[in-house]
There are 2 protein chains.
Amino acid sequence: MNVQLEDICGKRETVLNSTLALIRQYGFHGTPMSMIAKHAGVAAGTIYHYFESKDALINALYEHESSRLAASLLVGDDEGLHYKERFFRCMLNHYHFYIGNPDTLYFLEQYSNSPYAKTQVENHEKRFEHIIRFFDYGIQQKYFKNIDAKLLMPIIKGTLVAAANFHLRQHMVFSDDDIRAVISMIWDGIKKQEKD
Amino acid sequence: MNVQLEDICGKRETVLNSTLALIRQYGFHGTPMSMIAKHAGVAAGTIYHYFESKDALINALYEHESSRLAASLLVGDDEGLHYKERFFRCMLNHYHFYIGNPDTLYFLEQYSNSPYAKTQVENHEKRFEHIIRFFDYGIQQKYFKNIDAKLLMPIIKGTLVAAANFHLRQHMVFSDDDIRAVISMIWDGIKKQEKD
DNA sequence: ATCTTCTAATTGAACGTTCATTCGGTTACA
DNA sequence: TGTAACCGAATGAACGTTCAATTAGAAGAT
């Protein structure tokens with residue numbers, strides 16, 4: 001039971017958190033509403049006070065977690081710095097978000113590859129607008145090869161997710177230098193080869 | 001119904017194919033056995049003649065499809081060519097496999113991010129042994145930066161999957177040059193910067 | 001060729017379980 | 001005293017799986 005959480009946040013947040021933790025362990029179909037209720041220390045009926053259905057709950061969870069991710073990306077960004085520095089900072093933020101929130105990583109990956117995701121395309125673009133702009137700027141200023149930002153983003157994300165999964169699943173200590181090496185792979189891949 | 005398929009292959013293959021197509025459209029939990037049976041033109045009980053359970057069916061499907069993928073990667077490989085050429089060929093094979101088999105792409109991605117996958121780690125490595133060796137060779141010969149091949153593979157795969165998804169979901173004609181540009185991103189990212 | 005026999009393949013209705021959802025009643029609190 | 005939050009047993013639909021019965025086909029005998 002998540003009693004400590006319930007005291008701080010509302011029941012709605014508690015339910016979301018329990019859902020997140022359970023889905024990582026048991027997957028979408030493996031976690032019935034009754035299990036979520038029990039884990040959250042709440043009656044099954046109560047969940048329906050906050051969410052219309054299980055689908056609605058999962059969609060709300062996606063909104064919640066992907067917003068948290070989006071918010072973390074440009075933390076500490078400083079427009080005064082070199083663009084390459086800013087890019088590395090952004091990638092480190094992204095990576096550390098996954099490592100610090102493995103439940104979220106697994107959930108988001110499961111969600112994006114499920115039929116749920118098809119209902120959420122427009123919202124998604126709104127949530128990551130500032131990042132799209134950040135990349136577009138890099139393309140305009142010719143730091144990057146001339147690739148559609150909409151393609152660049154999933155490619156970068158794919159690489160970071162792969163690295164984070166590797167880190168988490170192998171229970172391996174991945175030094176900050178290792179992470180920088182991975183980010184360098186991304187940077188070297190997408191930068192205009194003459195610039196740096 | 002998949003009548004034409006059933007005539008050629010056995011019922012086992014027909015069931016696997018129906019499962020693959022339906023899972024793409026409806027997801028794991030959205031496709032009941034009864035639906036698979038109907039789509040395959042087979043009675044529900046018959047499926048249990050070939051597979052112990054739904055889980056077993058899905059695991060068998062994973063084995064089936066990931067073997068197909070593994071087999072496609074080194075098609076037309078020629079050890080006489082430059083390593084860079086061989087690498088590009090391998091990446092193109094990989095990419096074209098996804099584009100030619102979108103059902104498989106979606107299924108594999110869903111599977112890898114589900115709790116099913118955790119039961120399949122060792123088999124997985126056996127199936128992709130030849131590719132691991134191919135990458136290890138590239139690292140030994142110092143074509144690549146010195147990164148664990150086990151990390152290199154998911155990173156590369158992540159990039160290609162992201163590109164293929166982009167291609168498929170946007171219903172966009174992606175020229176061969178576009179694909180080569182993406183593969184160049186990978187190559188430029190992982191190659192030793194002095195070599196080429 | 002024809003019949004017999006045996007096994008494997010196939011069927012689909014029936015079963016039992018699981019699970020999302022409902023709802024009548026209770027509590028908290030403003 | 002009224003409203004929103006909360007409870008949890010009850011409901012009913014959906015689904016994976018079973019099984020007794022039927023068919024197909026192969027092997028062997030006549």
Side-chain angles (χ1 to χ4, degrees), chain A residues 1-64 107 110-111 114-116 119, chain B residues 1-62 107 110-111 114-116 119:
Chain A
M1 265 202 280
N2 268 338
V3 191
Q4 66 289 25
L5 261 172
E6 195 194 322
D7 292 346
I8 305 165
C9 323
K11 282 202 171 26
R12 202 189 118 99
E13 287 277 309
T14 314
V15 169
L16 285 174
N17 276 295
S18 291
T19 308
L20 186 65
L22 291 170
I23 281 183
R24 174 188 180 174
Q25 198 165 5
Y26 303 108
F28 279 136
H29 30 320
T31 67
M33 294 297 265
S34 57
M35 195 191 275
I36 297 172
K38 200 175 185 180
H39 187 276
V42 145
T46 303
I47 300 180
Y48 289 86
H49 190 72
Y50 296 100
F51 306 97
E52 249 191 19
S53 64
K54 192 181 182 181
D55 277 21
L57 164 59
I58 288 177
N59 283 322
L61 183 55
Y62 176 72
E63 209 164 304
H64 191 256
F107 170 74
Q110 249 177 276
Y111 184 95
S114 78
Y116 282 113
T119 61
Chain B
M1 265 202 281
N2 267 338
V3 190
Q4 63 291 24
L5 260 174
E6 195 195 319
D7 291 347
I8 306 165
C9 324
K11 283 202 171 26
R12 203 190 116 98
E13 287 277 308
T14 314
V15 169
L16 285 173
N17 275 297
S18 290
T19 308
L20 186 66
L22 291 170
I23 281 182
R24 174 187 180 173
Q25 197 165 6
Y26 303 108
F28 280 135
H29 31 318
T31 67
M33 293 297 263
S34 56
M35 194 191 275
I36 296 172
K38 200 175 184 178
H39 188 274
V42 144
T46 303
I47 301 180
Y48 287 86
H49 191 72
Y50 296 99
F51 307 97
E52 249 191 18
S53 64
K54 192 181 183 182
D55 277 20
L57 165 60
I58 288 177
N59 284 321
L61 183 57
Y62 176 72
F107 169 74
Q110 248 176 278
Y111 185 94
S114 77
Y116 283 112
T119 62

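Chain A is the first sequence line, chain B the second, and so forth, proteins listed ahead of strands; every chain is numbered from 1. Model, not experiment: these values are computed from the prediction.
When each of B:Thr19, B:Leu22, B:Leu61 is paired with B:Phe107, the side-chain contact (heavy atoms from CB on, under 4.5 Å) condition holds for B:Leu61 and for no other.
Taken residue by residue, residues 48-61 of chain A places heavy atoms nearer than 4.0 Å to DNA chain C at A:Tyr48, A:Ser53, A:Lys54.
Taking atom CZ on A:Phe28 and atom P on C:dT18, their separation rounds to 23 Å, with Å as the unit. Atom NZ of B:Lys38 and atom P of C:dT10 are 20 Å apart (whole Å). Between the CE atom of A:Met35 and the P atom of C:dC19 there is a distance of 7 Å, given to the nearest Å. Between B:Ile36 atom CD1 and D:dC15 atom C1' there is a gap of 12 Å when expressed in whole angstrom units.
In the set D:dC15, C:dT11, D:dC6, the nucleotide with an atom closest to the side chain of B:Pro32 is D:dC15. Among the nucleotides C:dT11, D:dG16, D:dC6, the one closest to any side-chain atom of B:Met33 is D:dG16.
Looking at every heavy atom in both residues, A:Phe28 comes nearest to A:Gln110 through N-NE2, 3.5 Å. What you find for B:Lys54 and B:Thr31 is that their closest heavy atoms are NZ-O, 3.0 Å.
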Steps toward side-chain contact (heavy atoms from CB on, under 4.5 Å) verdict (A:His64, A:Leu20):
CA-CA 10 Å; A:His64 191 256; A:Leu20 186 65; over 6 Å; no
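A:Tyr111 and A:Tyr116 have parallel rings, their planes meeting at less than 30° on a 0 to 90° scale where 60° marks the start of perpendicular.
Listed pair B:Thr46 / C:dA9 fails the phosphate criterion, with no side-chain N or O lying under 4.0 Å from OP1 or OP2.
Residue pairs meeting the salt bridge (Lys or Arg N to Asp or Glu O under 4.0 Å) criterion with at least one member in residues 41-50 of chain A: none, sequence neighbours excluded.
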